[in-house]
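Heavy atoms only: backbone and side chains are in, while hydrogens, waters and symmetry mates are out.
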Amino acid sequence: MKKGLKKLMALGLVAVLAAGMAGCGSKKEEKASSDGATKIEQIKKDGKLIVGTSPDYPPFEFIISEDGKSKIVGADIELAQKFADKLGVKLEIKSMDFDSLLPALQSDVVDLVITGMTPDETRKKSVDFTDIYFTGKNGVIVKESDAGKVKSEDDLKKMKIGVQKGSTQEIYVKDQLKLTDYKALTSVPDLVMDLKNGNIDAVVLNDKVASINAGKYDGVKVVENLALTSGGDEELMAVAVKKGDNKELLAALNEEIKTLKDSGEYDKILANAVDLVSKEKK
């Protein structure tokens, strides 16, 4: 992933960036600390929920043109709206690169990060996560002419792989496949174009994202029946929340996640997002 996703965050970089941004003095942070309000109280007082996302990971978050204007949509955006409705506030979406999201969260530029992010152990050291709202597997797309060449992870190790920068897939390619000569870009569409142009041999993505891109772009195909046995066969997604006095906020978010999953509403949200992607022009 974003998706995952996406989406490897170095703790040192997070700390440095967060410290720098905090040093500039966030009015929101100062206000919260001065009146002793918890995060959820501050959100309700401000009357809006600010969510950070990297909108290049359909069907979870992506950009469409509506009435001549760009609009960020997707399953994660609908999830964010459900959270805002539950809290009784307006939703504000902030778009940024995937690897800038956690520093923005830590410095109170955003209240939540919802961007197909996997709650791995490295990220858990710097932020808190909700319960899992999506479980998926990783997939691989290649040129149609190369589909028969990839039958195992050993075949992948011989190829030039593309991944989204900072994603779980980058961790998998680097730490599990032990590859160093891979290409990491912030945009999934840019990775697909590199694949089509022959600059890389394969792209590792969330399986739903892989299927959508294979259907959206001519000349590429998902590798079928490929078992990623080195820890790359599953991707979990959760909402990131700043560490601190957030128990009440996490409880509210987890309650909404459970309601949406138990009722089947989240499956409908995801299906609608997939349909929306399919309507977009190639």
Side-chain angles (χ1 to χ4, degrees), residues 1-57 60-61 72 76-77 79-80 83-84 87 89 91-133 164-168 170-171 184 186 236-254 257:
M1 145 107 42
K2 150 186 42 43
K3 261 203 257 149
L5 164 219
K6 106 184 132 204
K7 288 175 167 187
L8 179 63
M9 181 65 64
L11 287 176
L13 177 60
V14 172
V16 171
L17 289 177
M21 295 174 77
C24 294
S26 167
K27 292 182 179 179
K28 186 175 185 180
E29 185 176 14
E30 291 173 358
K31 186 176 180 181
S33 60
S34 63
D35 61 16
T38 64
K39 189 63 176 178
I40 195 170
E41 291 171 342
Q42 191 64 51
I43 291 169
K44 291 182 177 180
K45 186 175 182 180
D46 292 341
K48 62 181 177 180
L49 176 68
I50 305 174
V51 174
T53 194
S54 178
D56 55 5
Y57 206 57
F60 300 100
E61 45 270 326
I72 300 175
D76 282 351
I77 307 307
L79 181 62
F83 290 152
L87 297 177
V89 297
L91 174 64
E92 180 179 328
I93 298 294
K94 283 189 177 292
S95 171
M96 57 190 72
D97 288 342
F98 184 84
D99 52 1
S100 299
L101 288 167
L102 293 192
L105 179 63
Q106 291 182 313
S107 57
D108 287 312
V109 173
V110 298
D111 300 316
L112 308 175
V113 167
I114 310 180
T115 190
M117 183 173 285
T118 297
D120 61 35
E121 293 306 313
T122 299
R123 291 170 180 150
K124 286 180 180 179
K125 293 177 181 177
S126 58
V127 299
D128 290 331
F129 285 96
T130 64
D131 295 338
I132 300 299
Y133 66 83
Q164 189 174 34
K165 185 177 181 181
S167 67
T168 302
E170 183 174 8
I171 298 173
T186 58
L236 307 175
M237 297 183 185
V239 179
V241 178
K242 183 180 179 181
K243 278 189 176 298
D245 189 4
N246 56 26
K247 291 182 179 179
E248 186 181 3
L249 177 59
L250 280 172
L253 299 179
N254 285 336
I257 288 171

Nearest 0.5 Å, please: how far is [atom2] in [Y] from [atom1] in [X]?
| X | Y | atom1 | atom2 | result |
| --- | --- | --- | --- | --- |
| Asp76 | Thr53 | CG | OG1 | 6.0 Å |
| Gln42 | Leu249 | CD | CG | 12.0 Å |
| Phe129 | Leu250 | CZ | CG | 11.0 Å |
| Asp56 | Ile72 | CG | CD1 | 10.0 Å |
| Lys247 | Thr38 | NZ | OG1 | 12.5 Å |
| Leu79 | Leu91 | CG | CG | 10.0 Å |

| field | Criterion side chain to side chain contact (heavy atoms under 4.5 Å, CB included) on Val239 and Phe83, from CA distance to verdict | value | CA-CA 11 Å; Val239 179; Phe83 290 152; 3.8 Å; yes
What closest approach, in Å, do [X] and [Y] show between heavy atoms, and which atom pair accounts for it?
| X | Y | value |
| --- | --- | --- |
| Ile50 | Val109 | CG2-O, 3.7 Å |
| Ile40 | Ala252 | CD1-CB, 4.2 Å |
| Asp111 | Leu105 | O-CD1, 3.4 Å |
| Lys124 | Pro119 | CE-O, 3.0 Å |
| Ser126 | Gln106 | O-NE2, 3.1 Å |
| Ala238 | Asp131 | CB-O, 3.8 Å |

Main chain of [Y], side chain of [X]: is a donor-acceptor contact present, judged purely on distance under 3.5 Å?
| X | Y | answer |
| --- | --- | --- |
| Asp97 | Asp99 | no |
| Thr118 | Leu236 | yes |
| Asn254 | Thr130 | no |

| field | Name of the residue among Ile93, Ile77, Leu101, Val51 meeting side chain to side chain contact (heavy atoms under 4.5 Å, CB included) with Ile114 | value | Val51
| task | Could you pull out all residues at least two apart from Glu92 that satisfy side-chain hydrogen bond (donor to acceptor under 3.5 Å, both in side chains)? | result |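 Lys48.
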| task | Any chance you could lay out the side chain to side chain contact (heavy atoms under 4.5 Å, CB included) test for Leu112 and Leu49, step after step, and finish with the verdict? | result | CA-CA 8 Å; Leu112 308 175; Leu49 176 68; 3.9 Å; yes
| field | Member of Lys94, Lys39, Lys243 meeting the salt bridge (Lys or Arg N to Asp or Glu O under 4.0 Å) criterion with Asp108 | value |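 Exactly one option meets the salt bridge (Lys or Arg N to Asp or Glu O under 4.0 Å) with Asp108, and it is Lys39.
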| field | Under-4.0 Å salt bridge between Glu41 and Lys44 | value | no
| request: Would you please name every residue forming a ring-ring contact (aromatic ring centres under 6.0 Å, His included) with Tyr133, sequence neighbours left out? | output: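 Result, ring-ring contact (aromatic ring centres under 6.0 Å, His included) vs Tyr133: Tyr266.
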